[in-house]
2 protein chains.
Amino acid sequence: MSEWYQHAAAVLPNPSGNIAERRMAPPALAISTVIFALKPSVNSGRPTLWLPLVRRIREPFKGQWALPGGPLVHDESLQEAASRNLLETTGLAPRYLEQLYAFGGLHRSPSQRVVSIVYWALVQSEEAELPGEEENVRWFRADRVQGLAFDHQEIVDYALWRLRNKMEYASIAYHFLGEYFTLAQLREVYEAVLDRPLDPANFRRHVTNAAGIEPSDRYLQGGKHRPPRLYRYTGPAPSSTTAPNSTSAENRGTP
Amino acid sequence: MSEWYQHAAAVLPNPSGNIAERRMAPPALAISTVIFALKPSVNSGRPTLWLPLVRRIREPFKGQWALPGGPLVHDESLQEAASRNLLETTGLAPRYLEQLYAFGGLHRSPSQRVVSIVYWALVQSEEAELPGEEENVRWFRADRVQGLAFDHQEIVDYALWRLRNKMEYASIAYHFLGEYFTLAQLREVYEAVLDRPLDPANFRRHVTNAAGIEPSDRYLQGGKHRPPRLYRYTGPAPSSTTAPNSTSAENRGTP
DNA sequence: TTAGTTAGGGTCACATTGACTCTAACTCAG
DNA sequence: CTGAGTTAGAGTCAATGTGACCCTAACTAA
C-alpha cells in the first residue's frame, strides 16, 4: 500500500542515480487525500472531526503516520486516482471528493522531489467504519494529530481551515449525513466543524429558510423524547459549483 | 518561450517511444498562469478585465493562443516556477500570485499526458504594459476569449468564476490598483469584475467601515471636478490567509 | 399521572443593506 | 467674477437578516 513510492521511482529515468542525476529528474507526481468523518468523541460523546491515517512501513518516516496517498497511474484522472487509492489504502469510498491544493515545496521528501496534489473527502458516519483489515490504518481526532510524516501536518491544518471556511456558506454539511437527518443532527455537524455551540432555534430558522433542504413526512423514532422530523437535502450536487469538470471527455488540455 | 514542451519531453524516459511506451511514462508536470489586469474598454473606456495570451509557435495547436506556461524546473517551488515563467514569456512580474487549480484530465494534450498546476495573478494597470518585444503576446478581453489551445478556455472560465467569488468578501481588489487610489477607482474595480453597477454612496459606506483601508491626507488633483481623497490599503498581505506556505524552508513533505 | 426533555414556534433589539436625497467642493465657460 | 455642471461625500428611511431570548407542544420514562 505504501510501496507506491518505490513503484513510481521504477519508471523514473534515474531510479538509483546519484544526487546530481536525481536533481535533473522531473518531480514525481503523487495524489493524497484528507478524509474527514464525524465520530463521537471518546469523552463527551458529542460528534467531532476524525480522519484516518496510514502507518508508513518504509523509509522515509517509517513507522510514522501519514495521509493515504499513492502514485498517479496512467489512464485515470486525478480524481479517479484519489478515489482508487483511497479504496486500496483505507477501504473507504467517499461520495464527496474534491481537490484541495497542490503542494510542491522543494524539500517535502528527503530523497526525491515530489509534488502532491491533495484531495479532501467527507464520509458519512455509517460508511466511515474501516474494513479493519489492517492495523496500519487508524482514525485520529482531526484537531489532535501530530508527528505526521512529511509535511502532512501542514496539509491537515490547511484542510481543516478550508473546511471551516466552506461551512459558512455552503452545502457541504449534508455530506456528513445520510439521506434523512434531523435538524439537530445537522446542527451537530456545524457545531463539530465550527467548534462552537449554535442556538437551536436560530439554526432552525436559518436552515429552513435556505433553499435545498426540504422536510419529509417521516420522523425519527426511538429517542427518549419527542420525535424530531426528518429532512432531506435536495440541493444541487456540489462538484459542479466548486470546480471545473476537468474529467470531461472531449477536452484536450495541457500547459 | 513555448519550447518547454520539447524540453520537458527531453528528460522523460521515452521521448520518442511509441504510444504504448509513452503511456507507461509518468505524466509531465507543467505550470501555467492566468493573469488578470484592468484596462479601459475600447468602446466605453470603462475598465474591464483583460488577460495576456501567448501564441503557440509549435504543434500541437500551432498558431492558436494559449496561457503562458512552462515546465517545472528543479530547485524552484511551484510559485517560483510560475513567477519565473511569467517573466520569461510575458515580461510581467505580478505582485499577487496564487494557486488556482490542478488540471489533470487524461486527454488534455494530444501527444503526452500533462498535468498542469495553474496559478492566477493580478497586475496593476501601470505594470500591465507588455514589454512588447514580441508580437506573440497580446492582451484579450477576459470575457471574450475563444478558440484557445488545449483546455485553456475552461481554465480561463474557472479563473473568472473564482475571481468573482473571491471579490465578494476579500481584499483582492486592491491588487489591481496602486498604493494610492480613490474610492471611485476602487468601485470601478468591483464593477468591472462583478459586471454590474454599484451605488457610490453605499459602496463608500461599505468600504470605509471595513478594516484594512485608511484615508490619506492626499487628494487626486487634475480632474475636472471636485478632487477626491486618496486612500491606502493597510490590511494583511493575502497570500498567508488563503494558502499554506508550502515554500517554507524547513518542511519535508511528500505523498 | 407526572416529571423530564427535546421539538419547534414566536418576540424583541440590533446591525446590515439597498434606494434615495441633499449639500459641499471643485472646474470650466462666459 | 459669476454661474452652470459635475462629482465627493454625508445623511435618511425602510426592509431584511441575525443573536439572544422566551414559550408551548409532544413525546418518553417512571
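All chains are named by letter (A, B, ...) in the order of the sequence lines, taking the proteins before the strands, and each is independently numbered beginning at 1.
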Find the distance A:R187:CZ to D:dG19:P and express it as a whole number of Å. 14 Å
Could you pull out the protein-nucleic contacts involving nucleotides 26-30 of chain D (nitrogen or oxygen on both sides, under 3.5 Å)?
{"from": "D:dT28", "atom 1": "O4'", "to": "A:K224", "atom 2": "O", "distance (Å)": "2.4"}

Got a sec: does the CZ of B:R46 have more than 12 other heavy atoms crowding it under 6.0 Å? no
I want to know whether B:F181 and B:Y174 have ring centres closer than 6.0 Å. yes
Calculate, to the nearest 0.5 Å, the distance between atoms CZ and OH belonging to A:R218 and A:Y180 respectively. 5.0 Å
Taking five pairs at each end, how big is the angle between the two axes of the helix from C:dT1-D:dA30 to C:dG30-D:dC1, to 10°? 0°
Expressed as a whole number of angstroms, how long is the span from B:R218:CZ to D:dA8:C1'? 18 Å
When the distance from OH of B:Y190 to P of C:dG18 is rounded to whole Å, what number comes out? 13 Å
Measure across A:K166 and A:Y96 and return the closest heavy-atom pair with its distance rounded to 0.1 Å. NZ-OH, 4.2 Å
Rounded off to whole Å, could you give me the CD-to-C1' distance for the B:Q185 and D:dT7 pair? 14 Å
Taking C-beta and beyond as the side chain, do B:F150 and B:I155 meet within less than 4.5 Å on heavy atoms? no
To the nearest Å, how far apart are B:L230 CG and D:dG9 C1'? 15 Å
Check: A:R205/A:N202 side-chain N/O donor and acceptor closer than 3.5 Å: yes
Sub-4.5 Å side-chain heavy-atom contact between B:L160 and B:V34: no
Under 4.0 Å, heavy atom to any atom of DNA chain C: which of residues 198-209 of chain A qualify? A:A201, A:R204, A:R205
Could you state the interatomic distance from OG (B:S77) to CZ (B:R84), rounded to the nearest 0.5 Å? 10.5 Å
Between CG of A:L78 and CD1 of A:I31, what distance do you get to the nearest 0.5 Å? 5.0 Å
Could you tell me if the side chain of A:V145 sits less than 4.5 Å from the side chain of A:L67, heavy atoms only? no
Relative to each other, are the rings of A:W65 and A:F140 parallel, tilted or perpendicular (30° and 60° limits)? perpendicular
